[in-house]
Amino acid sequence: MSEALRQAVIDTALAMNASGINQGTSGNVSVRLAVPDAFLITPTATPYSQLTPTAIVEMHGVTPQGGRPSSEWRFHYDIYQARPDVAAIVHTHSRQATALACLRQSIPAFHYMVACAGGRDIRCCDYHTFGTQALSDAVLRALHERRACLMANHGVVATGASLAAALALAIEVENLAAMYLAACAIGTPVLLGDDEMDCVLDKFRHYRA
Ligand SMILES: [Zn+2]
């Protein structure tokens, strides 16, 4: 089981880069294990094309087994601790969403698909140095009642009930950021009201049910 899940982490990391939402060894991917407090995560500084299942690091709490985890393992750990609904996490430095995060702007309700992240907007968390507890705390705050957030001057965190769902959301966030930046380049986007976003959120809940 673990072998298949390790391969699924590799396949997701490869798909993340192939989709154009991530470059080189930046970003990382993790998936929750059935064992309490345990998850698999991509190792640090290894090109995804060179990954083998044994290179994927197994975390038990904050203790790695079998290699060095991504330097950004801490927010993965804290998200799994705080959010029982999350089974997988994809973190990218996707270009358009990160450009927006460098302006420290959230993605407002300029398009109904913003609701795919779980709320009326996709928040941008405060900046803190990568790998720190302070950054992890900021990410968790931005993820309150959300499945994804931007990270100031850094990138994107997308979560899901599966690796496929987390990757799909990371791609959607990048698409939304690109559309928002394009709209802002030629004018001021008209934002949807809270009532309309709540209507969309309700429809999404039923759609997924
Ligand atoms: Zn990062």
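Order of appearance sets the numbers: ligands from 1, and atoms from 1 within every ligand.
- Distance alone, capped at 3.5 Å, places no donor-acceptor pair between the Thr98 side chain and the Arg95 backbone.
- The list of side-chain hydrogen bond (donor to acceptor under 3.5 Å, both in side chains) pairs with a residue in residues 75-90, not counting sequence neighbours, reads Asn28-His76, Ser30-His76, Ser30-Tyr80, Asp37-Gln81, Asp78-Gln133, Asp78-Ser136, Arg83-Asp85.
- Residue pairs meeting the side-chain hydrogen bond (donor to acceptor under 3.5 Å, both in side chains) criterion with at least one partner in residues 41-57, sequence neighbours excluded, are Thr52-Thr54.
- The aromatic rings of His93 and His154 stand perpendicular to each other, their planes meeting at an angle above 60°, with 30° marking the opposite boundary.
- Remark: the backbone N or O of Val114 is not paired with any side-chain donor or acceptor of Asp121 at under 3.5 angstrom.
- Pairs engaging residues 123-132 under the side-chain hydrogen bond (donor to acceptor under 3.5 Å, both in side chains) rule: none recorded [sequence neighbours left out].
- Near-neighbour remark for the Zn ion (ligand 1): protein N, O or S atoms under 2.8 Å are Glu72 OE1, Glu72 OE2, His91 NE2, His93 NE2, His154 NE2; waters not counted.
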